[in-house]
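These notes are about the structure you will find just below.
Index from 1, following the sequence. Side chains are part of it too, since the values below use all heavy atoms of this structure and drop only hydrogens, waters and symmetry mates. As the structure is a prediction and not an experimental result, all values here were calculated from the model.
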Amino acid sequence: MDGLLARLLSRHAAGRPIDRAEIAALRRLTFALSPAFLAIPAGLTLLFGAATGLPIGFALATALYLLAAVALVAGRRLGAAGAEAKVPPHAGIAADPYEFCPGLFLTVDAGGIVRSAGGRDRQMFLSFLREPLARPFVEQVHVSDRLAFVQALDELRLGADVVVTDLRLDRPVIGLDQAQFLNVRLDMTAVRADDGTLLAVRAQMLDIEGEMRMRDAVARKEEEANAAHEIKSRFLAAVSHEMRTPLNAILGFSDILAGEYFGKLENDRQREYVQLIRQSGAHLLSVVNTMLDMSKIEAGRYELLLEGFDLADTLTECERMLSLQAQTKGVKLTSRLPRGLGEITADSRALRQIVINLVCNAIKFTETGGAVIIDAIRTGNEVTISVSDTGIGIAPEKMALIGRPFIQVQNDLNRNHEGSGLGLSLVKGLTALHGGTFRIESRPGEGTVVMVTLPVDGSGARAADETNMVEFPPRLAEAGAGRKTGGKAPGHDQAEAKIA
């Protein structure tokens, strides 16, 4: 019977789904009116006879059943439609939209009195706060932060639309695993009248305990890093000083032996060994001095002695000092210095260190038959010193590492060139102390050009002294920035430094 009724109703459903409640109601109606299909034909047969009473009685019973079924279905459908019309479309949504927003929403009047509270986390915050309604909110705030809340409220009165402040709320009861305060962020929005007068403030309170723990962890890590950094700097400085004393003795005694002041050496092999001791000691002393200079730069203790001197003479002197080294390796070292370079105000020792380190690097990474060239050009108040070579060059992926201490451009497990990897790092630091810029361009297999630009009048060093900052280890660019530029560091890199 249910299947028959479902098929009958589906023909007149107009696409709406079949209501099982209608089928159940029709089933009950069918059972209730089934006796009428017997009673009505029997009564009419007694009155008019069987030939007339049976068909008329059956027709009347069927008509009565159909009318009752139509009335039942129509009544149920009209009642359901009326009930749906009475229900508002958003009856299932709370009247206050802030009930779905995180945190606690407070309505505070212009005097700071809490008038209402809502929000998704209302129960959690209200269980924490001490009866906030109809009381000044400032009473919930820790004494040290009350001034900040009052100032924020005053900014809203003076015309600000939104003010955000971080506050600490006093816990009414402190548990074993709870802190004394709850850190919250209060986002306050002004509600104004037509004339701009502050009527109320809608404030959203969010718990920022997790963020505060992250801040504390970052602060601790920063302190640990600074402490380790300071220990490392002190260690480098102490070790450098301790190593220089015996090295100076080694160099002095090796010079005495090489000069044969207290007797002739027995054979040429002894003389060779003495010379090797002298060379090795000198190399180690240069590394120690470089480490000491770097530690001074890092700690802001490198003292610049500014003086005026002829730039061309200084560059020529550096060329002469390294000409024998270049000649021994079979590299042509030359300079192209224009007339009129004039004087420069800088630390002459630091400038010599810059040029010598750049030229030594160029000679070291240039094969026999190559060339290293020293250039200088003066433009306005700046002078640019460049050292170019025809050496192995630097791969683009290695460009971001240039200038870091103890880094060489080749694989650390297969280094073909000696050195500590401190040369360019020291050059970068000394350039920064003078307020200059450092730039490098290179192509693998073709060569490298390093350019150092310094103020001629020494003004950059005085500016660096004013900033009282130092960047260490020095960087040419952000990590990975040079990988997409084909071996060219993007733009100039300028660092600030501290001068003791």
Side-chain angles (χ1 to χ4, degrees), residues 229-305 314 317-329 347-365 403-408 410 412 415-431 433 472-474 500:
H229 190 71
E230 182 67 20
I231 292 173
K232 184 260 296 181
S233 299
R234 292 178 180 272
F235 173 77
L236 285 177
V239 170
S240 299
H241 280 292
E242 292 299 325
M243 291 181 67
R244 284 206 300 180
T245 300
L247 281 175
N248 286 327
I250 292 172
L251 292 176
F253 288 125
S254 62
D255 285 338
I256 292 175
L257 291 176
E260 299 180 353
Y261 297 115
F262 299 102
K264 294 287 185 179
L265 296 177
E266 294 295 332
N267 50 56
D268 293 338
R269 177 162 294 184
Q270 290 180 347
R271 296 184 183 89
E272 179 185 358
Y273 288 168
V274 170
Q275 189 63 31
L276 289 176
I277 293 173
R278 177 67 175 79
Q279 292 176 355
S280 299
H283 175 70
L284 185 56
L285 182 60
S286 66
V287 173
V288 171
N289 288 333
T290 301
M291 292 174 59
L292 182 60
D293 288 339
M294 288 182 59
S295 64
K296 288 181 179 179
I297 293 173
E298 182 180 5
R301 299 293 182 183
Y302 194 101
E303 182 180 1
L304 287 182
L305 302 177
T314 302
E317 178 185 349
C318 294
E319 178 187 356
R320 290 173 180 171
M321 289 174 58
L322 299 172
S323 59
L324 180 59
Q325 178 181 344
Q327 183 180 358
T328 303
K329 193 175 180 182
D347 188 316
S348 59
R349 172 177 170 269
L351 183 61
R352 287 184 177 88
Q353 281 185 289
I354 291 174
V355 177
I356 290 173
N357 275 282
L358 292 180
V359 176
C360 283
N361 269 350
I363 296 173
K364 182 193 306 182
F365 295 104
R404 297 186 182 181
F406 309 104
I407 294 295
Q408 285 194 352
Q410 291 194 352
D412 291 338
R415 289 167 44 156
N416 298 326
H417 304 277
E418 66 175 9
S420 61
L422 296 173
L424 287 181
S425 183
L426 179 61
V427 170
K428 182 68 190 306
L430 294 175
T431 303
L433 285 176
F472 196 89

So which heavy atom on [X] is nearest to which on [Y], and how close?
| X | Y | result |
| --- | --- | --- |
| Ala258 | Val274 | N-CG1, 3.6 Å |
| Asp255 | Arg278 | OD1-NE, 2.5 Å |
| Gln325 | Ile363 | NE2-CG2, 4.2 Å |
| Leu304 | Asp347 | CA-OD2, 3.4 Å |
| Arg352 | Thr314 | CG-CG2, 3.8 Å |
| Gly281 | Leu247 | O-CD2, 4.1 Å |

From CD (Glu266) to CZ (Arg271), nearest 0.5 Å:
9.0 Å
Within the 4.5 Å heavy-atom criterion, are Ile354 and Leu426 side-chain neighbours or not?
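The answer is no, as the side chains (C-beta and beyond) never meet within the 4.5 Å cut-off.
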Is the shortest heavy-atom distance from the side chain of Asn361 to the side chain of Asn357 under 4.5 Å?
no
Look at the side chain of Ser254 and the backbone N and O of Leu251, then say whether any donor-acceptor pair between them is shorter than 3.5 Å.
yes
Quick one: side chain to side chain donor-acceptor pair (under 3.5 Å) partners of Glu319, sequence neighbours excluded?
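Glu319 satisfies side chain to side chain donor-acceptor pair (under 3.5 Å) with Ser335 once adjacent residues are dropped.
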Count the heavy atoms of every other residue, nucleotide or ligand shown that sit under 6.0 Å from CD of Gln327, and state whether that count exceeds 12.
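Count not over threshold, so no.
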Given side-chain contact (heavy atoms from CB on, under 4.5 Å), test Leu358 with Val355 step by step and report yes or no.
CA-CA 5 Å; Leu358 292 180; Val355 177; 5.9 Å; no
